[in-house]
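What you see is a predicted model, and the numbers here were worked out from it, not measured in a lab.
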Protein chains: 2
Amino acid sequence: MATTDKGQTRRRGQALEDAVLKAAWDLVNTVGYEKLTMAGVAAKAQATKPVLYRRWPDKASLVTSAFLKFGPKIKRDLPVPDTGSLRADLLGLFGQLVVTFNALGAEKLQGLVADRLKQIPVDKLFALANGHSMLEPKITQILQQAEQRGELTVADQTARTLNLPVVLLINEVLGHGTLTTASLTAMVDEILVPVFMGQK
Amino acid sequence: MATTDKGQTRRRGQALEDAVLKAAWDLVNTVGYEKLTMAGVAAKAQATKPVLYRRWPDKASLVTSAFLKFGPKIKRDLPVPDTGSLRADLLGLFGQLVVTFNALGAEKLQGLVADRLKQIPVDKLFALANGHSMLEPKITQILQQAEQRGELTVADQTARTLNLPVVLLINEVLGHGTLTTASLTAMVDEILVPVFMGQK
DNA sequence: ATCAATAAGATACCGTAGTATCTTATTTAA
DNA sequence: TTAAATAAGATACTACGGTATCTTATTGAT
């Protein structure tokens, strides 16, 4: 009687974790990342801060988890186009991204990006959520298809050129706020095809 | 006698401001941006936090001011190379950037960029890159030189390809934290030359 | 059914960014 | 020379990220 009236059931494990992630996702969608507080998430989930910090090392990780759970599903198994030309394959792949990126409300996530930037993990740091690790294998596959048609040599590609699509996408999203078919077509025609096929 | 022994002279205005900036610059060069605290700056300047906040709205602004006052002066009028080849011209231009960048002591300023990113809308920062860059006129001149040698056609270039060098540079700095001759050479050979010269 | 392990709850705490308030020294104008 | 305006000093405060500690509910193995 001394404690809270609802004290009957104490959530644990997955149930509690789900509730926290749901609260975090609700908050990031209402107040945005910057104004989302760990205490606020805890309160909304009817949990406490230590519960959050037992699971996620920091705010950025928590919100990233919430994004991965509730955000637009970035299909890990999007079919890789195989249309018969490098250009069309790239356009096909990027076309799938237009829908996805337009769905996720980029302005809410700006603070997340900045927070991530502060962490020193040097290498692939400049990545939006988990965006690009998912893209690279598909690029590679498209290039292999092109190689079999004799359009290019995969061995000529480098880490830098393989990463270029992601760099361009990030610049497009962060710089212009949108991804359109027109901009993606320009990227492919003006930059990616020349780079991939134009190696000496 | 009850108060501090040096209580005779109370600094104000420019003298106080200079002392604060000096303290901030000293600290950012010893502990780095992340570990620099406003209280620490105040203490080192023998001032107090309100003195800082009366002048600068936040930590990032203060450190930026200190940087502008004491940091290396950035040359605005780098000569545009004219070596006889597009590749060498690009390498020459970027080589100048390596020197400049390394002179900034970028590693001490780690979190500054991220802090700025948070407050300056990200799109603004990239918009700054995508157009108002001090680099673009130089790129254009280099391309015109190349055109006169018959290496390429300037009319084939687009806003997107003209911005590509800046995009790559930003990615390099934000993603890797450094600018090296090796990375710039790779950019030029693997991406920029194919894009500029490889247009159909 | 009991008890040890686990993990949630509650709470207090630390460090830092940034703010508010009040007192006091210095400047300036009368 | 005095008094009003200005701005520094001191101090305490709030908000937030993140940590530590202790108590208590729940699980699950015996």
>> Rounding to an integer number of Å, can you tell me how far A:E17 CD sits from C:dA7 P?
In response: 12 Å
>> Distance check needed: C:dG9 P versus A:Q46 CD, whole Å only.
In response: 10 Å
>> From CG of B:L52 over to C1' of D:dA7, roughly how many Å is that when rounded to an integer?
In response: 14 Å
> What's the CD-P distance between B:Q14 and D:dA7, to the nearest Å?
Replying inline: 13 Å
>> My understanding is that only residues two or more places apart in sequence, or in another chain, count here; which of them pass side chain to side chain contact (heavy atoms under 4.5 Å, CB included) with A:A43?
In response: none
> Looking only at atom types and distance, does a side-chain atom of A:Q157 sit under 3.5 Å from a main-chain N or O of A:F196, one as donor and one as acceptor?
Replying inline: yes
> Given atom CG of B:L62 and atom P of C:dT16, what is their separation to the nearest angstrom?
Replying inline: 16 Å
>> Suppose we screen for side chain to side chain contact (heavy atoms under 4.5 Å, CB included). Which residues come up paired with A:T181, at least two apart in sequence or across chains?
In response: A:T185
>> So, using salt bridge (Lys or Arg N to Asp or Glu O under 4.0 Å) as the criterion, who are the partners of B:K22 when residues are at least two apart?
In response: B:D26
>> On DNA chain D, compare the nucleotides closest to B:T48 and A:G40; which residue's is nearer the 5' end?
In response: B:T48
> Tell me the salt bridge (charged side-chain N to carboxylate O under 4.0 Å, His left out) pairs involving residues 89-99 of chain B, sequence neighbours left out?
Replying inline: B:D89-B:R149
>> Check this one for me: any side-chain N or O of B:R55 less than 4.0 Å away from OP1 or OP2 of D:dA8?
In response: yes
> Quick one: side chain to side chain contact (heavy atoms under 4.5 Å, CB included) partners of B:K69, sequence neighbours excluded?
Replying inline: B:D18, B:L21
Sub-3.5 Å pairs of nitrogen or oxygen atoms, protein against nucleotides 17-22 of chain C:
{"residue": "C:dA17", "atom": "OP1", "partner": "B:L36", "partner atom": "O", "Å": "3.4"}
{"residue": "C:dA17", "atom": "OP1", "partner": "B:K59", "partner atom": "NZ", "Å": "3.4"}
{"residue": "C:dA17", "atom": "OP2", "partner": "B:M38", "partner atom": "N", "Å": "3.0"}
{"residue": "C:dG18", "atom": "OP2", "partner": "B:Y53", "partner atom": "OH", "Å": "3.3"}
{"residue": "C:dG18", "atom": "OP2", "partner": "B:K59", "partner atom": "N", "Å": "2.9"}
{"residue": "C:dG18", "atom": "N7", "partner": "B:K49", "partner atom": "NZ", "Å": "2.5"}
{"residue": "C:dG18", "atom": "O6", "partner": "B:K49", "partner atom": "NZ", "Å": "2.6"}

